[in-house]
2 protein chains.
Amino acid sequence: MLSRRDTVARRTTRRWPASSKNGRAAAAASSSRSHTEAEKRRRDRINGHLLTLRKLVPKSDKMDKAALLARVIQHVKGLQGEAAEVGKALTVPTDVDEVRISTYAAAAESTSGSQTDIFMEASLCCEDRPELFAEIDQALQSLNLSTARVEMGSLGGRVRIILLLSGNGIRNDSCSSQNRMINLKGSLNVALNRIVNSTPSVSSYRVTSKRQRFFLPSDT
Amino acid sequence: MLSRRDTVARRTTRRWPASSKNGRAAAAASSSRSHTEAEKRRRDRINGHLLTLRKLVPKSDKMDKAALLARVIQHVKGLQGEAAEVGKALTVPTDVDEVRISTYAAAAESTSGSQTDIFMEASLCCEDRPELFAEIDQALQSLNLSTARVEMGSLGGRVRIILLLSGNGIRNDSCSSQNRMINLKGSLNVALNRIVNSTPSVSSYRVTSKRQRFFLPSDT
DNA sequence: AACGACACGTGAATC
DNA sequence: TGATTCACGTGTCGT
């Protein structure tokens, strides 16, 4: 459990046998001493870094040294995954039209047993236009999908919208849910692609400058 | 420099002196053996985790054990800082109303010399309501601020909006630009706070469910 | 030779 | 008590 003993000096750096006058034994003793001291410096260096890591990683106090390392790798993995996910899910639109749909199951630890809900994450990137949200809304409604969360970024007249969707009542305890999921995914894909690919060139709406048309007032 | 020797078994797990028939010595030897074996297992566990970390952290191969740990803490610090920064700029609304404005100068490397534009980043988090964007738009227009980029996140009926603003024609080559900047910052702050703090309770707009009102169609 | 890094076995301490 | 964790000193390999 690691109590004190990591800070306390358990033994006072060993008493060396007082360098004898004999040349041979003195040399050997000196060598051994420097060796021991160097080794201690090495250990202190490692343990110092270990301590830094312990302070850095939350809830890693009162932990085994090996367990600490395990927690560190878990933390690094988590942070790396998070960073990658943020990078992938970043709401900065690019110049290419894109629709990406990924399904995954998030295990929701509830009090009454663990239930696994099915979610879908849809990311679409296209030219911005006023009817965009309404069209997306309509598509989602027709597919009976509810939006758990939405994030949106806009830059240079283009938008990237990331939707976290959940199919109503679609759980993985149903045997046919997987098939429904695939169908849903396909349907959503074609619907969003249709929305993205509807070029606004025929629309009456026209961009004056290549930039600065972010705040399109609702109707005022 | 860490060559092989970490994978090679340098000595074959020590030959124990064949449990003697003496009860006392046999017990002591058995105890010592289990102790040694347990200690080896512990070392292997630690080194195993260390190896995992070495695989996890890039460019940490061919490194001292202590240096590896130093690199791990550096990596963790970097990832944590990155995550914190992302978290601060992330468009996930919280439960507290908030307005945050930060100004910074971004050096734009143009062909005709380097010109330094002044930007402001405004982050506001409040309850969502249909007139919100229009009010923000109006405030920005009255302050003659143009929006270079906007990011928005919505969750549970609340929104967090992050605006990257640039004052029109405000450059730092002007001697009075700094004062104008401060005034602008203050004005923007009071304007956004007024918008955020205007409670929608008196508004005719009312939320039915605590969730799922993300896609408010423009007017259809 | 001398120095640095590693694995090892052991004594002490904690649970 | 036995199991487990830690720091220590040492042997040994590679530079």
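Numbered from 1 within each chain, the chains take letters A, B, ... in sequence-line order. Every heavy atom of this structure was used, including side-chain atoms; hydrogens, water molecules and symmetry mates were not.
At a cut-off of 3.5 angstrom, the base of D:dG2 holds no donor-acceptor pair with the side chain of B:His35. A donor-acceptor contact under 3.5 Å links the side chain of A:Glu39 to the base of C:dC6. For C:dG4, its base never sits under 3.5 Å from the side chain of A:Arg41 at any donor and acceptor pair. A donor and an acceptor atom sit less than 3.5 Å apart, one in the side chain of A:Arg43 and one in the base of D:dG9.
Residues B:Glu98 and B:Leu124 have side chains not in contact (no heavy-atom distance under 4.5 Å, counting atoms from C-beta outward).
Between the CD atom of B:Glu37 and the P atom of D:dT5 there is a distance of 15 Å, given to the nearest Å. In this structure, CG of B:Leu69 is placed 14 Å from C1' of C:dA5, rounded to the nearest angstrom. Going from atom CG of A:Leu51 over to atom C1' of D:dC6 covers 14 Å, rounded to whole Å. Atoms CD1 (A:Ile46) and P (D:dA7) sit 11 Å apart, rounded to a whole Å. Counting to the nearest Å, the P atom of C:dA5 and the CG atom of B:Leu50 are 14 Å from each other. The nearest whole Å value for the distance from the CE atom in A:Met63 to the P atom in D:dC6 is 12 Å. Atom pair A:Asp44:CG and C:dG4:P shows a separation of 15 Å (rounding to whole Å applied). The interatomic distance linking A:Arg33 (CZ) with D:dC8 (C1') rounds to 17 Å, in whole Å.
Note on A:Arg42: a side-chain N or O is less than 4.0 Å away from OP1 or OP2 of C:dC6. Residue A:Thr36 has a polar side-chain atom (N or O) positioned under 4.0 Å from OP1 or OP2 of D:dT10. Proximity of A:Lys40 to the phosphate of D:dA7: no side-chain N or O atom is located under 4.0 Å from OP1 or OP2. Dashed line: the shortest gap from a side-chain N or O of A:Lys65 to OP1 or OP2 of D:dT4 is not under 4.0 Å. A close approach under 4.0 Å does not occur between any side-chain nitrogen or oxygen of B:Ser32 and OP1 or OP2 of C:dG9. Between B:Arg45 and the phosphate of D:dT4, there is no side-chain N or O to OP1/OP2 separation shorter than 4.0 Å.
Applying the side chain to side chain donor-acceptor pair (under 3.5 Å) test to A:Gln74 and every residue at least two apart in sequence or in another chain returns nothing. In terms of the side chain to side chain donor-acceptor pair (under 3.5 Å) criterion, residue partners of B:Arg42 (sequence neighbours excluded) are, by chain and number, B:Glu39.
The pair B:Lys55-B:Asp61 does not count as a salt bridge, with every side-chain nitrogen at least 4.0 angstrom from each carboxylate oxygen. Ionic pairing of B:Glu135 and B:Arg194 is not present here: no N-O contact between side-chain nitrogen and carboxylate oxygen is shorter than 4.0 angstrom.
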